[in-house]
Amino acid sequence: MKKTSKGKSINLVALATVCALTLSLLAGCTGGAPAAASASAEASSESVAATAAPEASSTEPSASAEAAGMYYDAAATVESIVKDAAGKGMVGNWGLGNEYEIQALLSKYVQPTTFLSQAFDMDGFDDDSILLASAMTYNELGLVKNSYDGGYKYGDKVKAIDMNDEGVAMLEDNIFCTEAFAKANPNTVKAFLAASMKGWKYACENPEEAAQIVFKNGSSVSSEHQAYMASEVKKLVETDTKGATVTEYGKLDDAALQQTLDLAKKYIMLKDSVAADKLKAMTLDDIRDASYLAGSSSAGTPEKSSVSIQLKWLPQAQFMGYYVALDKGFYKESGLDVKIVPGGGDISETTAVYSGQVDFGVTWVSNLIAANAGGMTLTEVAQVFQRSGLVLVHKVN
Amino acid sequence: MNLRSSMNPPEEISVRIAATQQDVSNPEAPAADRRRFDAENLTTLLYPIVFGVLILILWQTQVLHRILGADTFTLPLPGRILTIIADNAPEILMNARATAIVALTGLLFGSMLGYLLGVIAAVFPKWGIGGLTVVSAFNAIPIIAVAPILNNLTKDFSRDADTRSMLAKILVVTLMTMVVMSINAYRGLTELKPYSEDLMKSYAARRTDVFFKLRVPNSVPFLFTALRVSVPGSVICALVSEYFAEYIVGVGRQIRENIVLAQYATAWAYILTACLMGILLYAILLAAEGSLLKGRR
């Protein structure tokens with residue numbers, strides 16, 4: 001028995017050593033963390049965005065913005081709201097390339113450009129873990145305000161900060177393909193654009209019918225939300241960043257594109273030095289080609305008649321133009337057989353187009369810029385949304 | 001390992017009670033045997049290294065790309081990946097540290113909790129087996145489903161997003177490592193050598209003596225078997241749970257961000273980091289196992 005007890009004690013020592021080893025490893029990690037982390041957190045921050053804006057004092061957040069109640073006064077200025085929410089570290093965005101406008105806004109009011117990762121629902125906003133949440137006018141904002149199925153029923157209890165009004169708008173949904181595809185199939189591209197824009201025109205003239213068509217084609221949301229979305233998307237397609245009406249659907253507005261590119265250069269942080277240099281040297285000519293849209297009325301026979309388009313997100317009225325063009329036979333009239341491929345979650349539409357899985361894609365201009373900096377050769381052939389649909393939504397007292 | 005134990009006769013008896021069957025009879029170790037053992041060791045080390053270097057050469061010279069039909073965009077060259085790691089070392093280390101803290105804390109809590117469950121199951125065998133079956137059902141839940149749920153459940157834990165998402169991530173790892181450990185601990189505590197329990201009873205040993213002097217030592221090799229599964233598992237769980245975490249940090253999150261942004265070279269740099277973390281932790285485990293269990297296997 002003496003011998004076994006010795007064996008036991010050896011085993012206990014062994015166990016204790018394993019625990020101690022693990023603990024010391026952990027302690028090494030956490031112990032070293034504060035000093036090193038605070039240093040590197042300053043320099044490189046925790047998110048994609050590395051530049052913390054010039055030391056914004058987080059102690060300052062004005063109590064005035066929060067005079068009464070936990071939220072913001074209906075008359076509070078944008079500056080006071082942004083400063084307060086950023087000071088508390090409660091600004092949310094989805095990340096994954098959707099964050100640049102938010103970072104530009106935060107920089108405008110001299111705040112650090114860090115944000116919380118927001119889920120694809122608005123629960124974080126609902127339970128107050130995010131005070132200033134990102135929302136698309138045509139999607140999340142409607143869900144927050146409206147009371148139909150899936151809505152959060154806030155009604156007038158929320159207000160939104162518009163990126164267009166703040167001068168930090170970046171253009172979103174476009175149509176793009178690879179440069180090589182456009183060069184090899186110019187008539188296909190022209191025909192596709194002509195039919196798609198006809199679809200968008202019809203959809204904007206008849207948003208309710210368009211919403212129904214999308215709903216019929218496998219919608220991810222309710223038909224009421226689809227109708228709301230169609231009416232909001234119409235505004236984005238027919239109004240530019242300055243608020244002026246646009247009559248030419250899909251127009252490539254160089255001024256707005258340049259603003260998008262300038263903001264992208266400032267806020268897209270690429271770790272790869274080759275890609276970062278490429279981004280720095282990028283001009284509008286590297287990302288867009290207006291000739292296909294201009295010549296779309298006089299397209300010859302398509303070189304490739306069977307084409308596909310990758311959407312950025314699930315089937316919804318955000319993409320109603322394509323569904324309408326398909327449903328109304330506009331594509332068929334142009335001699336095209338079009339397949340619409342829904343996206344969602346982490347689908348990388350730029351990779352799908354670049355690798356040739358699909359011919360066309362819908363993405364945000366900033367994502368196309370990042371992809372081209374990374375080595376892809378994509379080119380934008382039409383700009384469907386003429387203004388930014390991104391807003392920051394907050395509750396009012 | 002067999003050679004070592006034969007050189008320590010005083011330990012022999014204690015070892016025999018708990019040791020696995022192959023170890024019971026240890027032949028005298030001739031010097032020639034030892035040399036062969038070393039040569040074997042060398043080749044087992046050499047082959048993987050040669051294979052790895054060969055793959056690297058094929059990769060860098062783009063022969064691999066031709067074989068796989070890939071381009072240098074989605075499968076960047078090793079040189080470029082290494083440059084990115086060198087250029088961004090502080091940031092990559094910061095993300096790796098965040099992931100390591102989650103993986104190791106979760107592993108520690110999960111393993112302790114799992115062992116405790118194993119003990120409870122061994123003490124109350126009637127309930128225990130059924131209970132463990134339920135616990136092992138947790139293993140069937142995909143991490144992808146657990147992570148967002150835990151993320152929502154921990155919302156009230158702290159006002160600080162970093163703290164609460166850290167907790168959510170650790171809980172995911174805890175849940176997954178707990179299952180592996182509990183089942184192995186139960187096996188280690190109950191699958192005793194034939195007659196060893198009878199032997200203890202013939203000594204009139206109390207139940208606590210049987211437990212601490214027979215069952216617990218017997219479970220140690222099983223503990224390492226569990227760790228061999230859960231150490232790499234904890235790193236994988238940590239990487240996946242970072243995808244859904246509220247606070248943006250960690251190797252897993254960086255892989256996701258960079259792939260969606262089509263920055264494949266940078267994503268590969270983080271994938272390499274994740275691999276190295278898993279390999280390093282596994283190597284530490286093997287080293288610990290080798291030194292702690294010498295003479296046991």
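Computed from heavy atoms alone, side chains included, the values below leave out hydrogens, waters and symmetry copies. Below, chain A is the first sequence line, B the second, and so on; all start at residue 1. In this text the structure is predicted, and so the values were computed from the model without any measurement.
Contacts between B:I259 and chain A at a heavy-atom distance below 4.5 Å involve the backbone alone (N, CA, C, O). Both the backbone and the side chain of B:E246 come within contact range of chain A, judged by heavy atoms closer than 4.5 Å. For a residue to count as touching a neighbouring chain, one of its non-hydrogen atoms must lie under 4.5 Å from one of that chain's; by this rule A:W94 touches chain B with the backbone only. Both the backbone and the side chain of A:A371 come within contact range of chain B, judged by heavy atoms closer than 4.5 Å. Only the side chain of B:Y243 comes within less than 4.5 Å of a heavy atom in chain A; its backbone stays farther off. Only the backbone of B:A245 has a heavy atom closer than 4.5 Å to any heavy atom of chain A. When heavy atoms are compared at a cutoff of 4.5 Å, A:M90 approaches chain B solely by way of its side chain, counted from C-beta outward. When heavy atoms are compared at a cutoff of 4.5 Å, A:S129 approaches chain B by way of both its backbone and its side chain.
Nearest heavy-atom pair, B:Q263 versus A:A275, reported as atom, atom and distance to 0.1 Å: OE1-CB, 3.7 Å. Taking each heavy atom of B:V260 and A:S348 in turn, the nearest pair found is O-OG, 3.6 Å. The two residues A:G95 and B:R253 make their nearest non-hydrogen contact at CA-NH2, 4.4 Å.
Remark: side-chain polar atoms of B:E91 are not paired, donor with acceptor, to backbone N or O of A:K271 under 3.5 angstrom. At distances below 3.5 Å, at least one donor-acceptor pair connects side-chain atoms of B:E257 with backbone N or O atoms of A:L96.
Atom CD of residue B:E242 and atom OG of residue A:S117 lie 11.5 Å apart, to the nearest 0.5 angstrom. Distance check: B:N152 CG to A:D127 CG gives 7.5 Å after rounding to the nearest 0.5 Å. A distance of 9.5 Å separates CZ of B:F244 from CZ of A:F120, quoted to the nearest 0.5 Å. With rounding to the nearest 0.5 Å, the separation of CG in A:D272 from CG in B:N88 is 8.5 Å. Separation of atoms CD1 (A:I268) and CG (B:L261) is listed at 7.5 Å; rounding is to 0.5 Å.
At most 12 heavy atoms of other shown residues, nucleotides or ligands fall within 6.0 angstrom of atom CD1 in B:I144. Under a cut-off of 6.0 angstrom, the local environment of CZ in B:F211 is crowded, with over 12 non-hydrogen atoms contributed by other residues, nucleotides or ligands.
Of residues 71-78 of chain B, those residues with a non-hydrogen atom less than 4.5 Å from any non-hydrogen atom of chain A are, in numerical order, B:D71, B:F73.
At a threshold of 4.0 Å, the pair A:D123-B:K155 does not count as salt-bridged, since none of the basic side-chain nitrogens sits closer than that to a carboxylate oxygen.
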